[in-house]
Asker: 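One structure, pasted below without further comment.
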2 protein chains.
Amino acid sequence: MSKQYYHADTYSTRNSVAYLVKRAHGLSLDSIEPGLAEHGLTFTQYAVLMALRDDLALNPKDICIKLRHDSGALTRVLDQLEARGLVERHRSAEDRRAIELHLTAQGHAALKTVVPLVVKRINSAIKDFSPAETDELLRLLNKLILGLHAEIADQSGASA
Amino acid sequence: MSKQYYHADTYSTRNSVAYLVKRAHGLSLDSIEPGLAEHGLTFTQYAVLMALRDDLALNPKDICIKLRHDSGALTRVLDQLEARGLVERHRSAEDRRAIELHLTAQGHAALKTVVPLVVKRINSAIKDFSPAETDELLRLLNKLILGLHAEIADQSGASA
DNA sequence: CGGCATTGACTGCTTAGGCAGCGAATTATC
DNA sequence: GATAATTCGCTGCCTAAGCAGTCAATGCCG
């Protein structure tokens, strides 16, 4: 197949999607974390709250998947958030193994103060982007995520 | 300013560059790590070797920056790589505080066997991308990285 | 030149993430 | 419908990452 984008002999860090994504991710953290810290939130805690707010996940399992967070570690994060009254845990009625999570009023309030800070930082980071460019970046990232999903599924399926 | 891309009241995880970048990063790890593990490398170790190979960094300090890795943690990673004979440390002549790093022949050899695996995974993840789309994704990621850099510099400068 | 601040790598300590195993609950299989 | 296999969240242990402080070397300013 000659239609592969990368080739082993010319592949380099600088032109690698994987590296650029890693770098962008790291810089995003550097950009966002200080603002959250002022309000006593770690990025992980913030991410969990947002995932719940936006119905990206309703239970610990989904959060682990969507945030790629370890199940054991997440239990402890949820303990903290619950202790601070930002999140509530309820045992599910349908599946009594599972737990339903939802934000408390305080959880919503916390996000209400913190989200604008995050938005400000991100807007600032993309201030030289035309709306079309940002749209395109979002589209391509989503496409990349789909591709990675498929790739990973293939790979696990191949050995099973 | 009405030309901001995001607004606090409509911002959501799903349409967030930051979240998508985080997710893509996490999935990249899931995709790449297993292959590296088969050759006894963690992703972090691999990233350090690549950074050296591609002259992204020549000393510990630059690696910390480019890989956003903690200085203390990096010392330990380098200890491991040095112990395995993949990397050498040499005290710099110009600045005797600094250390010059470079790959050994074994280091290069290790990458030679591992890079093709990584390339294969990435190619597979972007197999539905046209070359133009991949080019555009790289361009936009680089632009985002520049924007984040500027944003962070502004922010640190503002309080100084 | 002498003192003060800064930088670069490293060490010790703390915290968070990864992993293996558990118990309870559900689903699949026969 | 009983048993086996899987799933979900949690706990304990271990490793790795983050943080603060140290030491040597450099840069800065008088």
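Only this structure's heavy atoms are used, side chains among them; waters, hydrogens and symmetry mates stay out. A, B, ... follow the sequence lines: proteins, then strands. Residue 1 opens every chain.
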Asker: What is the distance, to the nearest angstrom, from the CD1 atom on B:Ile63 to the P atom on C:dG8?
Answerer: 14 Å
Asker: What is the distance from NE2 of B:His25 to P of C:dG17, rounded to the nearest Å?
Answerer: 13 Å
Asker: Let me know the distance between CZ of B:Arg68 and P of D:dA16, rounded to the nearest Å.
Answerer: 19 Å
Asker: Between D:dG27 atom C1' and B:Glu94 atom CD, what is the distance in whole Å?
Answerer: 16 Å
Asker: When clusters are formed by joining ILVMFWY residues with side-chain heavy atoms under 4.5 Å apart, either directly or through shared neighbours, do A:Leu58 and A:Leu78 land in the same one?
Answerer: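 No; tracing contacts between hydrophobic side chains, which count when under 4.5 Å, never links both residues.
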Asker: Between A:Asp135 and B:Tyr5, is any side-chain donor less than 3.5 angstrom from a side-chain acceptor?
Answerer: yes
Asker: Quiz question: by atom type and distance under 3.5 Å, do the side chains of A:Glu151 and B:Ser31 form a donor-acceptor pair?
Answerer: yes
Asker: Tell me if a side-chain donor or acceptor on A:Thr10 pairs with a main-chain N or O of A:Tyr6 at a distance below 3.5 Å.
Answerer: no
Asker: Distance check needed: D:dA17 C1' versus B:Leu29 CG, whole Å only.
Answerer: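 The distance from CG of B:Leu29 to C1' of D:dA17 comes to 14 Å, rounded to the nearest Å.
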Asker: For a side chain to side chain contact (heavy atoms under 4.5 Å, CB included) check, start with the C-alpha distance between A:Ile99 and A:Asn59, then their side-chain angles and the critical distance, and finish with the verdict.
Answerer: CA-CA 6 Å; A:Ile99 282 189; A:Asn59 49 51; 5.6 Å; no
Asker: Output the rounded distance in Å from CZ (B:Phe43) to P (D:dA16).
Answerer: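 Computing the B:Phe43:CZ to D:dA16:P distance gives 16 Å.
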Asker: Between P on D:dA17 and NE2 on A:His69, what's the gap in Å once rounded to a whole number?
Answerer: 15 Å
Asker: When you group the ILVMFWY residues by side-chain heavy-atom contacts below 4.5 Å and let the links chain together, are A:Leu138 and A:Leu148 in the same group?
Answerer: yes
Asker: How long is the line joining CG of B:Asp30 and P of C:dC19, in whole Å?
Answerer: 10 Å
Asker: Quick one: what's the B/S/- string for nucleotides 1-11 of chain D, heavy-atom cutoff under 4.0 Å, read 5' to 3'?
Answerer: ------BSSBB
Asker: Does the side chain of B:Thr44 get closer than 4.0 angstrom to OP1 or OP2 of D:dA17 through an N or O atom?
Answerer: yes
